[in-house]
Structures are given as structure tokens and as C-alpha cells.
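Right, one structure below, let's go through it.
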Amino acid sequence: MSRIRWLLVLGAVAASALGAQNVQNATLRQALAAYDNLDIPRAISLARQALSQRLGGDEQARAWELLGFAYSSSDSLLKAVDAFKQAILIDPDRQLDPAKISPKITSSFLLALAQVLVVRQLQVDSAGFVAGVGQGGVPIRFTVTSPARVRTRAVSGATSVIIDSSIATGQVNLRWPARLANGDPMPSGNYLIIVDAAAGQNTFSASQPVRITQGQVDTLPWLDKMPGYDYLPETEYPPQSGRPLAQALMYGGAAIGGTVVLRNNDLGSGGTGPALAVSAGALISGFLMSLKKPSAQPARANILYNRLLRDQLARRNADIARENQTRRQQVRLTVVPLPKTGGTR
Amino acid sequence: MSRLVRSAAILLVALAGSAAAQQRFTVGVQGVYADYRETSASLKFTGGGVGASFGFALHKFGADVSFASIKLTPVDSTATSGQDFTAKVFDANVRWRVLGQVSGEIGVTSRKMDPEFAAQGFGAVRIGGRGVVNLGPGADLTVRAHYLAGAKFSGGGTASFPIDLGLAFSLGRADGRLRVTGDYEFQSINRKTSVKAPVQQALMRVGASLGF
């Protein structure tokens, strides 16, 4: 009794997950309707009947998936796993939502996944980077369902570049620097990122088209000043002082004193008149200069500071020139994934 | 050949042009007052005259030439040995700035009397230095001291330590184009013949100078 109740709940949830919208084939539509009505044997019968008819790839995958659901509901685990395997091989990116689907069906699906070799959910992210600089690269992600030798390539016409080759299973994350074997950046164009997985006789390939565009790397602007630093005035006006008068007094006094000391006593006293007159002139000059606004004097510290600033600026601009020279030789690559055309076996 | 001459001429003009930007000439005229004494206190002369000067400066190098003609008369008119005479004073110096505003200087000085034996004619080589003190924009003070080496006198004799001291000021435009100048020069010459015959001269020049 409890099993029947469980199946009813299971069916109701699975029915909403399957849905019958956008199905062209009438038999498949009826099979989906039968499953919705929890008529599991009829759903299985109609689904098998639909598979014997001409179906598109998506409808085939849906029919096998419906069989997987129906067999899981009717406790035919092996048949359910086989049906899911067919569905996965047709549409490797097929995914069940564990929040909506019962664990019983999900475990059958996961069991099927582990038994087939497919490359699922191949994703190439958009990326822009400078070729050959730092850690720039194109992120590539995919999942390999069972252990296999996995070879990832970028192909465009005759050009084929190996991105990675390794033994892998589960989630694989790659970063492709988008360079040719000789180190040059990939030329602009449309490429196909192909992931080939091989384990014994089993092989599987998945692909994702991308467009690579080469562009110029932005150059750095010249600096006309150091950010956060301003030039200081290179002259300053010293405060008014009596220094000129004192200097005139000192040197005038020295001239008179020198005259008095050096004059010959045998030649009589006096003779200091000219010294006094010129010293008076010097004193007047000193007095006037003491009253006058002093002339601008070079501010030595500011001159040194400005010189350091100019040196720094010149050094920075030289660095910028070198960096720009390097950047002009670099190539900026922009990689954009294009709409998928589907995986191939 | 003509190409070589032309290149040399262009080079010379370029060098002259760059030097001209830094060189400076000054021309001055002065009124001169002198106090001249020799041998004894009774032989004292004072008088006035005119003088002219020419200066040149380029980088650390400087040179000046000055000339003055002074008519001197005895202060004591009763002195029997004193008579009027004219002294022609000539000075020339070249200098090199060695440290800051201090220059080493070498030159010649000459003083000729007319009539020749009215007073002692004198000539010597100047060896010394000068320092310039900038009092402010448009005012300078100059002090100098010279040893008068190899002193020669028209009346003979020697001097063991003749010395010359000077003080000068200039006041005017900050660019130096026009200045009022004052110059004091004191010479003390301990001349000896068979006896002591000292010579002393105090000279004041006041005038104006043009710079260009």
C-alpha cells in the first residue's frame, strides 16, 4: 500500500519534470500523458512505440528519459539505467534536478552516467587578457563521466592547437593562454574548442565554438605631475631685518679702524676723512636696504625638493615609456563563446 | 677651405653669443678727493680731481681699470718744501672668484707726479683679495686688502710691508645698470731710504657707474 502511495507521489513530481510541451510526435505526447496519469505500463509501451518511429534527437532523448523514469517507477532498475544511458548518449548535457526528482530516479540516472563515457557541460567563459602576461587565459570547464584520456584542442581550418591532454574524470578546469605552439598569440578568428575523451573502444567528443579577437593593449598616460605631490616655490622672501645696516656698520668700522691702525704716526694724525665719508655712504646704503623689502632668495630646501620631484617624475615617465613600448608590442585577446551547435560522438 | 673658415666663424659667433649673455661691463666716472702725506707731518697735501673706471666680469673672472688725475696742494702753505703738483693714479686688477663672493686678485698700481720730483712717484704689484657683500637688491659693499709687492719709488728707497686697504659701496638699480658709487682707498707705505721716509695716501672716489 505504501509502495503505491510512494509511486503516486513519485509520478506526480516526475510528471511536472518531464512535461509534454513542445513535443511533436503524437505517440510520445501520449506516452508523456500516460505517465502524467500514472499509467506506467501504458507510458512504457507508448514510449517504446515512439522510439520505433522517426524522432528528432531531442525527442529521442525525451523518450529514453521517459522510459528511465517509468522503469524507475516500476522498480526495473537495470532497464531504467539502460534507458537513461541512451538518453545521456543522445544529450550528454541532460541534467535532473535533484530538488524535484525523487532520489530513486536520480540514483538510476547517476548510475547510468557512471556507466557511459561522455563529456558534459563543456563551458568556455568570456575572457579578455593580454597574451603572454601574468595568469591571463580562457577558463574552460567540462565534466568527464568516467576515467578517460582527455584531449582538448582549439581548431580553426588547418590550425589545431593542443590545449591540454591528460587522464581525467569528473570536473575538469583548464586555463588556456590562447597561444600557438611558438608562443605567438592566437590569430583572430572563429575556433572550435574540442574535447575528445577516449577509454578503450569508447570515445566521445564535445565542442564549443568561440571567437577570438586580437586588439591593442591600452597604453599608460604620461604624468605631468606626481599624484599627491605639488611643486614648492623656489624663491622666498626673507623677513625684513637690520642685517644690511649691521654689515655696513661692521665693514665701515673696519675700514676706519684699519686706517687708524695702519697710518704712520710720523705723518701726523687725521687722514680718516675719506674713510668716514665712504663709510657713511656704506651706512646709508645699509640703512636703505634694511628698510627695503628684501629680494626673493632661492629656497634651497624647496629647490632640492622640486629637483627630487622632477627626477621622480622623469623616472616614472621613463618607466611609463618603457612599459608603453612593451605594451605596443603586446596583443590583447578577447575570447567570446558562440552559440553551441551541439556535441558530436 | 672656405667651408672650414665659415664653420669656425659660426662656432666663434655661437661661443661669443653664449658668453655675451653672461658678461657684464661697467663704466664709471668719479670725483676724487685725496689726502697725501710723505716723510713728515709737515709734508701733507690734499686736493681733488676726476677719475674714470672700467670693469668687466664673466662668470668667476673679473677685471677693472681705473684712472684718476688729482691736483694736490700743500695743506701748510708755509712749508718750504711743499709745492702744488698733479698726481696721475692708475690701477688695474684681475680677479678670480674662489669661494662664494671672495676673489683672489692681482694687479698693478702706479702713481706719477707732475712735476716729477714734487712728490714720490710710486709703482707696485698688487697681490690680495676682495670680498663682496650684498646688502640687498641694488646695494653692494666691497672690502679689499692688497700687499703692494716690489714697490718702486721715483726717489729711490724700499718698503718692507706696503699695504693697501679699500672699502667701496654701490647703490642703485637692482639690475646694476645705474649705480651711485663710493670708493675709499688707503695706502700705507713704510718707505725707507737711509732714513725713514713713509708715504701715506687716502683716496676717496664718489661718482656713478653704468652697467651693460
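In what follows, every heavy atom counts, from backbone to side chain, and hydrogens, waters and symmetry copies are set aside.
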Option in B:Leu165, B:Ile189, B:Ile163 with maximal non-hydrogen atom pairs under 4.5 Å from chain A:
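Sorted descending by pairs with chain A, the first entry is B:Leu165.
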
Top contributor to chain A interface from B:Gly182, B:Pro137, B:Ala168, B:Ala202 [non-hydrogen pairs under 4.5 Å]:
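Greatest number of close heavy-atom pairs with chain A: B:Pro137.
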
[options]: which one forms the most heavy-atom pairs within less than 4.5 Å of chain B?
options                                : answer
A:Gly286, A:Pro274, A:Pro244           : A:Pro274
A:Gly273, A:Ala277, A:Ala254, A:Gly281 : A:Gly281
A:Ala296, A:Gly258, A:Ala282, A:Gly252 : A:Ala282

Test of understanding: with side chain to side chain donor-acceptor pair (under 3.5 Å), list the residues that count as partners of B:Ser103, not counting sequence neighbours.
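Partners of B:Ser103 under the side chain to side chain donor-acceptor pair (under 3.5 Å) test: none.
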
In this structure, are over 12 heavy atoms from other groups packed under 6.0 Å from A:Phe287 atom CZ?
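It does not: A:Phe287 CZ has 12 such atoms or fewer within range.
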
Are more than 12 heavy atoms from other residues, nucleotides or ligands located less than 6.0 Å from atom NZ of B:Lys152?
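Open: at most 12 neighbouring heavy atoms sit under 6.0 Å from NZ of B:Lys152.
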
So which part of B:Val199 gets closer than 4.5 Å to some heavy atom of chain A, the side chain, the backbone, both or neither?
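The answer is the backbone of B:Val199.
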
For A:Ala255 versus B:Leu167, what's the shortest heavy-atom pair and its separation?
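Taking A:Ala255 first and B:Leu167 second, the nearest heavy atoms are CB-CD2, 3.6 Å.
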
Got a second to check how far A:Met289's CE is from B:Leu141's CG, nearest 0.5 Å?
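That separation rounds to 11.5 Å.
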
Name the region of A:Leu245, side chain, backbone, both or neither, that has any atom closer than 4.5 Å to a heavy atom of chain B.
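The answer is neither part of A:Leu245.
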
Output the donor-acceptor atom pairs between chain B and chain A under 3.5 Å, with atom names and distances to 0.1 Å.
unit_1: B:Arg37; atom_1: NH1; unit_2: A:Leu267; atom_2: O; d: 3.0
unit_1: B:Arg37; atom_1: NH1; unit_2: A:Gly268; atom_2: O; d: 3.3
unit_1: B:Arg37; atom_1: NH1; unit_2: A:Ser269; atom_2: O; d: 2.5
unit_1: B:Arg37; atom_1: NH2; unit_2: A:Ser269; atom_2: O; d: 3.1
unit_1: B:Ala41; atom_1: N; unit_2: A:Asp266; atom_2: O; d: 3.2
unit_1: B:Pro137; atom_1: O; unit_2: A:Lys292; atom_2: NZ; d: 3.2
unit_1: B:Tyr184; atom_1: OH; unit_2: A:Thr259; atom_2: OG1; d: 2.6
unit_1: B:Ser188; atom_1: OG; unit_2: A:Leu262; atom_2: O; d: 2.8
unit_1: B:Gln200; atom_1: OE1; unit_2: A:Asn264; atom_2: N; d: 2.8

